[in-house]
Amino acid sequence: MRISVIIPTLNEANQIERTLQAVRAQPGPTEIIVADGGSTDDTMERAQSHAQVIEAPRGRARQMNRGAEEASGEVYFFLHADSRPPEQGLAAIRDTLSNPRVEAGAFRLSFDRNTPLLRFYSWCTQWPWIYICFGDRGLFVRRHTFELIGGYPDWPIFEDLEMARRLHERGGFRFMTQAVTTSARRFERVGALRQQLRNARLWLHYVTGTDPESVAHLYPYESSSSDA
């Protein structure tokens, strides 16, 4: 089972090589596609020796959809540029999808920093709550299922939550026990409590049906090498 790992990037020069090396260390047939949204640092140059690099319209949803257009795998695994899959994570995806009734799934979440609040946030992801399946948890989906639902919605925010919800409604969604490890850089830069309150505010907007365009400015997609 060939997995296409699709990674959207924007000024991720300080993160991308570590992520790509972690993916390349995984056994099994794997394709890696980096869909760049217009980086002004050397993200694309650093990624080229590890992955196929393509240019895409800026915005995670558009970049991930563009990556999927180029992908040849039977399964898509969407991974953030500052996140690393668990050891044997791709093998776990293959094993899970060996059940033909399973169409998609997501991992638990852990952080590269150890604080009480981040530990609590990580602990919450052990529960099968689809409304906290954010993109940094690493969503995977069969190619034909992704195409059937039309890919990620072209939203500036909440595209990850909405995709997970749509997949979960179809049935055959699995919550994995292993954890993706992601960067705590936003929490460190803004402050852990302040960032979590910001996240909670945005989450409430999503579950109450707020138009994503009206709140996108509250969580800009503005990653940069200085965040690392």
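None of the values given here were measured: they were computed from a predicted structure.
Checked against the 6.0 Å centroid threshold, Phe175 and Phe107 do not count as a close aromatic pair.
In this structure, Glu31 contributes its side chain and Ala71 its backbone to no donor-acceptor pair below 3.5 Å. Asp160 places a side-chain N or O within 3.5 Å of a backbone atom of Gly135 that can act as its donor or acceptor partner. Looking at Thr9, its side chain never comes within 3.5 Å of a backbone N or O of Glu12 through a donor-acceptor pair. Looking only at distances, no side-chain donor or acceptor of Thr43 sits under 3.5 Å from a matching main-chain atom of Ser39.
Glu159 meets the salt bridge (Lys or Arg N to Asp or Glu O under 4.0 Å) test with no other residue; sequence neighbours excluded. When the side-chain hydrogen bond (donor to acceptor under 3.5 Å, both in side chains) test is applied to Arg24, no partner is found at least two apart in sequence or on another chain. Partners of Arg113 under the side-chain hydrogen bond (donor to acceptor under 3.5 Å, both in side chains) rule, at least two apart in sequence or in another chain, are Glu188. Residues satisfying the side-chain hydrogen bond (donor to acceptor under 3.5 Å, both in side chains) test with Arg108, not counting sequence neighbours, are none.
Under the 4.5 Å side-chain heavy-atom criterion for ILVMFWY residues, a single connected hydrophobic cluster contains both Ile157 and Tyr152. Criterion: ILVMFWY side-chain heavy atoms under 4.5 Å apart, direct or through other members. Under it, Ile6 and Val23 are not part of a common hydrophobic cluster.
Of the inter-residue distances, the one linking Phe158 atom CZ with Thr210 atom OG1 reads 6.5 Å to the nearest 0.5 angstrom. Here Ile32 contributes atom CD1 and Gln52 contributes atom CD; the two are 10.5 Å apart, rounded to the nearest 0.5 Å. Note that the NE2 atom of His50 and the CZ atom of Arg18 stand 12.0 Å from one another [nearest 0.5 Å]. To the nearest 0.5 angstrom, Cys124 atom SG is 6.0 Å from Ile132 atom CD1.
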Side-chain donor-acceptor distances from residues 78-86 under 3.5 Å, at least two apart:
{"residue": "Asp82", "atom": "OD2", "partner": "Arg185", "partner atom": "NE", "Å": "3.2"}
{"residue": "Asp82", "atom": "OD2", "partner": "Arg185", "partner atom": "NH2", "Å": "3.3"}
{"residue": "Ser83", "atom": "OG", "partner": "Thr182", "partner atom": "OG1", "Å": "2.7"}

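Side-chain polar atoms of Glu162 and Tyr206 form a donor-acceptor pair below 3.5 angstrom.
The two atoms that bring Met44 and Val53 nearest to each other are CE-CG1, 3.7 Å, heavy atoms only.
Note on Arg142 versus Glu103: no salt bridge recorded, every NZ/NE/NH1/NH2 to OD/OE distance being 4.0 Å or above. Salt bridge present: Arg66 and Glu69 bring a charged side-chain N and a carboxylate O closer than 4.0 Å.
Among pairs with a residue in residues 120-133, none fulfils side chain to side chain donor-acceptor pair (under 3.5 Å), at least two apart in sequence or across chains.
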